[in-house]
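Below: one structure, written as structure tokens.
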2 protein chains.
Amino acid sequence: MNKAEKNVHRDYKKGYPSPSLQRLPLYLRQLKQYQREGVEKASCTRIAQDLGLISVQVRKDLSMTGIAGRPKVGYNIDELINRIESFLGWDKQRKAVLVGAGALGGAILGYAGFVEHGLSICAAFDVDENKIGTSIRSCPVYSLDELEKFVEQNQIVIGIITVPQSVAQLVTDKMVKAGIRAIWNYSPVRLNVPSNVVCETVQLSSSFAVLSSKVKNMLAEERKNGEQLKE
Amino acid sequence: MNKAEKNVHRDYKKGYPSPSLQRLPLYLRQLKQYQREGVEKASCTRIAQDLGLISVQVRKDLSMTGIAGRPKVGYNIDELINRIESFLGWDKQRKAVLVGAGALGGAILGYAGFVEHGLSICAAFDVDENKIGTSIRSCPVYSLDELEKFVEQNQIVIGIITVPQSVAQLVTDKMVKAGIRAIWNYSPVRLNVPSNVVCETVQLSSSFAVLSSKVKNMLAEERKNGEQLKE
DNA sequence: TAAAAATCGATAAAAATTTATTGCTTTAAA
DNA sequence: TTTAAAGCAATAAATTTTTATCGATTTTTA
């Protein structure tokens, strides 16, 4: 590691293990499922079983939220849900805008789940004249030129980027200039943001790489076993 | 960890570190960028710098593919691209079907990048009469009833699931029955698949959880600093 | 042609994450 | 009322992943 590399800006104060954070929504969904089924308490053993994990991991993950469980019984589901939601800040609505009203943008606007996560997408922006003035899933689409004004007037915190990679940095700069504090990036490029803005990039290809590797392993394994049979 | 937990089916022969696998598409994109710029060689130092990583990590990741670099020079870009692609099996097309021709399904069908990753989505399936018979981004949409026949006749390997969570397991079972060997799941539920089928789930909420945590940390940090100023 | 600089490859160390262990507490059953 | 079982909490161990170090190799410069 050379001197320059040591100064790379990586995470905004890490705090909690990222793998644990990523499992929280999993727990949340399962807990809400229990709620619908009328169950009131859940143990780590039960949760782990239903999610294909192991109990200690669940226990450790949940302990991030400060919840206290009772031996032989488990956690109170309602309380646990509240704890997780407030831990993630999902108990209060955070206003967002989305730039890039294409297919992917539309899919995100259409995903009702995010509302439950405190994400309130107030408006979409695009440069396509055919889209400007319309609504996508009851979210108005405005001209990108109006982004800055809108963000300022409506105190928007989060910006979602669903534009082609060629313009992703441009859009980012506009968002930062307008006062956006957090960027959820669906384009595959690494965005440059100042240190007072946080950014999280969704890499759909990463997930496909993992699947591809599994497929390769599976096929290789089968070839090997096939050969063994021949011998 | 109890006895039951020890038998949980987790990964299909792990093999390579998942974080490393997930970074490969990142390298690939950057390398293709170099190609477009007419560059022929790249060192880990350079790649790391451009991606915000450190050189040793890049070197270790790339070593998975068996590439050999030259000191003081780096790797031949064309060769490295080939290595990564063949390592992931992206050098040959793998046929896929997609079930759930909604907004998210449409977005995936529309993402040209996957074609470069050897993913050839041959057909989409849905239960909506209005969609059946149409084409989404030049991909025909058929009735879900025809899934099994289509998969068998066309030797489809990969199934992509973009249906509501309530029917995700149902669709999975259909896919498995039809002979699908790998499932790329965009629904938030854990799918039950037999051990000869691999599965990878994309959790968009996970990414949002990480962003949310960063936002919380950022705001907390600012409050703290604000208080310090007052004192 | 020798010395210096860059960087690879391999190995070692450190850090992060997962899993195991232990003791204590609560509930339920004998 | 005692005993057994389940499960939380905390701590320790193991594993995985990241980062550092070192010697060797190639290129460039003096």
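To find a chain, count down the sequence lines: A is the first, B the second, and so on, and within it residues start at 1. Bear in mind that the values here come from a model prediction, so they are computed numbers and not experimental data.
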With a 4.0 Å cut-off, would you call A:Glu79 and A:Lys41 a salt bridge?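 Not counted as a salt bridge, because no side-chain N and carboxylate O are separated by less than 4.0 Å.
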Quick one: do A:Glu222 and B:Arg181 make a salt bridge, cutoff under 4.0 Å? yes
Taking N or O atoms only and anything under 3.5 Å, show me the protein contacts with nucleotides 9-11 of chain D, one pair per line.
{"residue": "D:dA9", "atom": "OP1", "partner": "A:Gly69", "partner atom": "N", "Å": "2.8"}
{"residue": "D:dA9", "atom": "OP2", "partner": "A:Tyr75", "partner atom": "OH", "Å": "3.1"}

Give each protein N/O atom lying under 3.5 Å from an N/O atom of nucleotides 2-4 of chain D, with the pair distance.
none

message = Within this structure, what is the CG-CG distance for the pair A:Leu31 and A:Asp50, rounded to the nearest 0.5 Å?
response =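 Result: 10.0 Å between the selected atoms.
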Map B:Val73 and A:Ser20 onto DNA chain C by nearest heavy atom, then report which one ends up closer to the 5' terminus.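 Its nearest nucleotide lies further toward 5', so the answer is B:Val73.
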Practice task
Look at all strands and tell whether B:Arg46 reaches a base, only sugar-phosphate, or nothing, counting heavy atoms closer than 4.0 Å.
Solution key: nothing
I want to check something: taking the side chain as every heavy atom from C-beta on, are [X] and [Y] in contact at a cut-off of under 4.5 Å?
X: A:Asn192; Y: A:Gln169; result: yes
X: A:Ile183; Y: A:Ile160; result: no
X: B:Leu24; Y: B:Leu28; result: no

Nearest-Å distance for atom pair [atom1]/[atom2], residues [X] and [N]:
X: A:Ile54; N: C:dT21; atom1: CD1; atom2: P; value: 11 Å
X: B:Met64; N: C:dC8; atom1: CE; atom2: C1'; value: 17 Å
X: B:Asn76; N: C:dT7; atom1: CG; atom2: P; value: 16 Å
X: A:Asp61; N: D:dC8; atom1: CG; atom2: C1'; value: 15 Å
X: A:Gln22; N: C:dT17; atom1: CD; atom2: P; value: 10 Å
X: B:Tyr16; N: D:dT16; atom1: OH; atom2: C1'; value: 16 Å
X: A:Leu80; N: D:dC8; atom1: CG; atom2: P; value: 11 Å
X: B:Lys41; N: D:dT28; atom1: NZ; atom2: P; value: 11 Å

For the residue pair A:His117 and B:Phe208, does the interplanar ring angle fall in the parallel (under 30°), tilted (30 to 60°) or perpendicular (over 60°) class?
parallel
>> The criterion is salt bridge (Lys or Arg N to Asp or Glu O under 4.0 Å); which residues satisfy it with A:Arg29, sequence neighbours excluded?
In response: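 Per chain and number, A:Arg29 pairs via salt bridge (Lys or Arg N to Asp or Glu O under 4.0 Å) with no residue.
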Point to revise | Backbone N/O of A:Tyr186 and side chain of A:Thr162: donor-acceptor pair under 3.5 Å | key: no
Quick note, B:Cys44 side chain, CB onward, closest among D:dC8, C:dT18, C:dC8 is C:dC8
